[in-house]
Amino acid sequence: MTYGLPAAITRCGNFYGGGDLNWSRLVPSTIRSLYEGRRPVIRSDGKSVRDYFYVEDGAAAYMLLAERLSQDRALAGEAFNFSNELQIDVLDLVRKLQNLMNSSMDPDVRNEATNEIKHQYLTAAKARRVLGWSPLFNLEEGLTRTIRRVPGIFSEVNNGPC
């Protein structure tokens, strides 16, 4: 503990969610491309496997960890992974977004990315066991909520519950 403050280490899957307007990231760039009637661009070969983690799950995980740290100082210095523990390749994630947005536009797979880690994911077993944590949203729910929160995307979807 530095300065008497309990701190823990967190590692999370690849965050995605509403409000992410970094168009170089896969989820927001794919949503924007499909909305604008353009083919989504995949810089890699599309086969890289990742672990995608909805931002609201991340916020809830951080809050839970902060609460547990305030109750149990023995957790200070511990490391926790937060993840849906769902391994999905880039092409499958783009296909999920296409299905949710009713698009059949084929992605533009450029295979230009270099030095990509082919298979990157986390296990959240310790967070589940020690903190009693579990994600609030599955991938499809998180992606649906994300689509609803990107400005200008599908006005009929924006009127839905969320």
Side-chain angles (χ1 to χ4, degrees), residues 1-35 40 42 44 48-102 116-162:
M1 274 195 277
T2 303
Y3 303 107
L5 297 174
I9 298 156
T10 60
R11 293 178 292 253
C12 297
N14 291 336
F15 278 117
Y16 70 93
D20 183 357
L21 302 180
N22 180 347
W23 306 119
S24 67
R25 292 169 44 89
L26 180 64
V27 173
S29 69
T30 299
I31 292 170
R32 184 172 83 166
S33 293
L34 294 173
Y35 175 69
I42 297 175
S44 68
S48 297
V49 173
R50 296 291 183 267
D51 181 345
Y52 295 92
F53 193 52
Y54 185 50
V55 69
E56 289 186 43
D57 275 326
Y62 290 163
M63 292 302 296
L64 175 66
L65 179 56
E67 289 170 7
R68 291 296 175 358
L69 275 167
S70 72
Q71 298 163 356
D72 183 0
R73 298 283 177 138
L75 294 174
E78 292 289 322
F80 294 94
N81 295 340
F82 296 105
S83 159
N84 278 30
E85 299 177 306
L86 175 66
Q87 300 169 43
I88 183 169
D89 71 36
V90 169
L91 277 171
D92 284 340
L93 183 70
V94 169
R95 285 187 199 109
K96 283 188 179 297
L97 286 165
Q98 288 175 299
N99 288 335
L100 291 169
M101 294 179 71
N102 299 315
E116 286 283 316
I117 297 171
K118 283 296 190 188
H119 202 144
Q120 186 176 30
Y121 66 96
L122 298 167
T123 175
K126 181 178 177 182
R128 292 176 190 278
R129 184 181 72 253
V130 174
L131 304 174
W133 174 83
S134 63
L136 302 171
F137 303 95
N138 65 33
L139 181 63
E140 187 168 311
E141 292 167 330
L143 291 174
T144 299
R145 292 171 69 92
T146 300
I147 293 165
R148 289 178 181 159
R149 286 184 169 86
V150 173
I153 304 289
F154 294 125
S155 59
E156 69 273 10
V157 175
N158 284 328
N159 293 327
C162 284

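In this structure, the side chain of Glu67 does not engage the main chain of Leu64 through any donor-acceptor pair within 3.5 Å. Thr30 places no side-chain N or O within donor-acceptor distance of the main-chain N or O of Val27, the cut-off being under 3.5 Å. Asp57 places a side-chain N or O within 3.5 Å of a backbone atom of Leu136 that can act as its donor or acceptor partner. Looking only at distances, a side-chain donor or acceptor of Asn84 sits under 3.5 Å from a matching main-chain atom of Phe137.
For the pair Tyr35 and Met101, the tightest heavy-atom approach, listed with the atom from each and the gap, is N-CE, 3.8 Å. Taking both residues in full, the closest heavy atoms of Ser83 and Trp133 are given as O-CH2, 3.4 Å, listed atom of the first, atom of the second, then distance.
Heavy-atom neighbours of Glu140 CD from other residues, nucleotides or ligands within 6.0 Å: at or below the threshold of 12. In this structure, Tyr121 places its OH atom where only 12 or fewer heavy-atom neighbours from other residues, nucleotides or ligands lie under 6.0 Å away.
Between Glu85 and Arg128 there is a salt bridge, with a side-chain nitrogen of the basic residue lying less than 4.0 Å from a carboxylate oxygen of the acidic one.
Under the 30°/60° scheme for interplanar angles, the aromatic rings of Tyr62 and Phe82 are found to stand perpendicular.
Each of Glu116, Gln87, His119 was compared with Arg50 under the side chain to side chain donor-acceptor pair (under 3.5 Å) criterion, and only Glu116 meets it.
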Might you work through the ring pair (Phe, Tyr, Trp, His ring centres under 6.0 Å) test for Tyr54 and Tyr16, ending with a clear yes or no? CA-CA 5 Å; Tyr54 185 50; Tyr16 70 93; 5.6 Å; yes

